[in-house]
Amino acid sequence: MNEMILLKLGEVVLKGLNRRSFEDKLTANVRRRLQHYGSFRVYSKQSTVYVEPQEQTCDIDGAYAACRQVFGVIAVTRALPCPKDKDAIYHCARNYLDRALREAKTFKVETKRADKKFPMNSMEISQYVGGLLHDAYPHLKVDVHKPELCVHVEVREKAAYVHGPSQPGAGGLPIGMGGTAVSLLSGGIDSPVSSYMIAKRGVQLELVHFFSPPYTSQQALDKVERLAGELTAWCGRMKLHIVPFTEIQEEIRRACPEDHFTLIMRRFMMRLAEGVAHRTGAKALVTGECLGQVASQTMDALTVSDAVCTLPVLRPVIGMDKEEIIRISRRIGTFETSILPYEDCCTVFTPRHPRTHPHLEEVVEYEKALDVEGLVQRALDGTERVTISIADIS
Ligand code: ATP
Ligand code: MG
């Protein structure tokens with residue numbers, strides 16, 4: 001029997017009718033995620049997803065790392081299956097975990113018996129296998145409280161499985177369980193993190209990026225595509241909607257007071273993101289805004305930009321310090337790309353003294369100088385869509 005991977009599912013959501021759809025969605029996501037690592041059989045049983053390589057050429061290291069990035073999984077472990085027989089289990093543990101058994105000073109065997117027809121109970125299996133391992137590795141001491149090595153035995157329906165410690169999975173809920181949202185992705189640090197956080201709750205994302213050539217460069221756009229590619233490791237395949245923003249920014253500069261540039265620009269971003277949401281069936285918008293971070297992220301400013309939206313605006317990093325956001329950004333692998341020094345359209349025509357406490361009525365008045373509907377329509381009509389697939393990560 002070949003080494004395989006076991007994925008443990010979150011417990012809380014595995015209740016009632018939800019359970020089947022949760023497991024189906026998760027196994028489909030795992031299958032799609034593993035396409036590049038060879039042929040695997042993926043199926044779920046008893047709160048566990050089994051990932052079994054079907055050929056010798058399967059890249060099990062790659063598959064294991066990928067499984068750790070699939071939302072809906074709380075723990076991941078490599079395991080070796082063996083026949084459901086006490087001596088087969090012992091030999092399997094000895095061969096499979098030989099190195100760890102030699103290196104550890106203390107150990108214990110912990111057994112879970114899902115197959116209640118198996119003639120020994122969990123305690124008896126642990127004692128039997130532990131006793132033989134103790135004889136085979138006389139330097140080992142048993143420590144039931146804090147062993148250096150825990151040998152896990154799981155007696156399940158089809159086979160028994162032996163494994164060492166598991167590693168944490170990505171947590172969250174399987175993508176697709178929570179509907180679709182449009183995430184506004186700039187080239188910065190915050191918006192990849194906010195995208196990740198909402199995807200983690202089971203939401204499929206449509207990404208939107210506003211670009212303003214010639215004020216923003218091709219490199220800035222490449223950077224955003226790269227960030228989107230890095231996010232696919234967690235968020236799966238996504239569409240990136242690239243919205244031309246130059247005309248809007250030039251019009252705002254021509255017709256509106258300088259201290260309101262950013263605010264009015266942000267209202268256009270929200271209108272356009274909502275336009276994309278209507279076209280894609282998305283039910284919410286996501287931004288990387290953080291209270292007080294910049295002038296356009298005060299409570300008054302957020303109120304002014306929210307006023308153009310009918311959909312809820314999710315801001316998962318709203319209460320986080322930059323340091324906390326950076327920590328997540330490093331962990332999920334987007335930080336190094338985010339800090340590449342390319343300009344964003346937000347930094348084009350920035351006012352010297354932006355308004356931090358704007359009044360909605362005033363903003364609405366200023367916008368009367370603009371053909372809001374026409375500008376929005378033309379930008380949506382000029383939007384390009386790029387599919388970012390998982391293989392695009394370089
Ligand atoms: P980030 O927030 O990603 O680090 P930033 O802080 O430079 O970038 P802000 O000016 O704070 O960006 O913008 C707030 C939010 O507005 C971003 O988190 C993002 O959701 C959205 N946003 C800003 N610029 C763009 C853009 N060019 N395209 C799409 N969304 C954008
Ligand atoms: Mg920001």
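Hydrogens, waters and symmetry mates are skipped; everything else that's a heavy atom, side chains included, is used. The first residue of the sequence shown is numbered 1, and numbering continues consecutively from there. We count ligands from 1, going down the list as the structure has it; atoms in each ligand are counted the same way. This one's a predicted model, so the numbers in the text were calculated from it and none came from an experiment.
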Polar atom proximity, Gly288 to ligand 1 (N or O, under 3.5 Å):
yes
Numbered atoms and elements of ligand 1 in range of Val208, under 4.0 angstrom, heavy atoms
29 (C)
Can you figure out which of Arg266, His241, Gln293 has its heavy atom closest to atom 21 (C) of ligand 1?
Arg266
So, applying side-chain contact (heavy atoms from CB on, under 4.5 Å) with Phe261, which one of Arg266, Arg355, Arg253 is it?
Arg253
Tyr64 ring center within less than 6.0 Å of Tyr37 ring center
no
Mind running side-chain hydrogen bond (donor to acceptor under 3.5 Å, both in side chains) on Glu55 and Ser39 for me, showing each step along the way?
CA-CA 7 Å; Glu55 52 202 15; Ser39 165; 4.7 Å; no
Would you check if Cys309 and Leu285 make a side-chain contact, meaning some heavy-atom pair closer than 4.5 Å?
yes
Go through the side-chain N and O atoms of Asp87 and Tyr128 and say whether any donor and acceptor fall under 3.5 Å apart.
yes
For Ser195 and Ser183, does a side-chain donor sit closer than 3.5 Å to a side-chain acceptor?
yes
Proximal ligand 1 atoms for Leu184, defined as those under 4.0 Å from one of its heavy atoms:
19 (C), 20 (O), 21 (C), 29 (C), 30 (N)
Looking only at distance, does Thr287 have an N or O less than 3.5 Å from an N or O of ligand 1?
no
Give a yes or no on whether the ring-centroid distance for Phe210 and Phe268 is below 6.0 angstrom.
no
Before signing off on this row, confirm whether Met269 and ligand 1 have an N or O atom pair separated by under 3.5 Å.
no
Sub-4.0 Å atoms of ligand 1 with respect to non-hydrogen atoms of Gln297:
9 (P), 11 (O), 13 (O), 14 (C)
Taking N or O atoms only and a 3.5 Å limit, does Ile189 qualify as a polar contact for ligand 1?
yes
Just by distance, with hydrogens left out, do Glu230 and Thr337 show a side-chain donor and acceptor under 3.5 Å apart?
yes
Under 4.0 Å, heavy-atom basis, I'd like to know which part of Asp190 is in contact with ligand 1: side chain, backbone, both or neither.
both
Counting both backbone and side chain atoms, is some N or O of Phe210 under 3.5 Å from an N or O of ligand 1?
yes
Taking atom 12 (O) of ligand 1 as the point of reference, which of Pro192, Ser329, Ser186, Ala273 owns the nearest heavy atom?
Ser186
Note: Val224, heavy atoms under 4.0 Å from ligand 1, region reported as neither
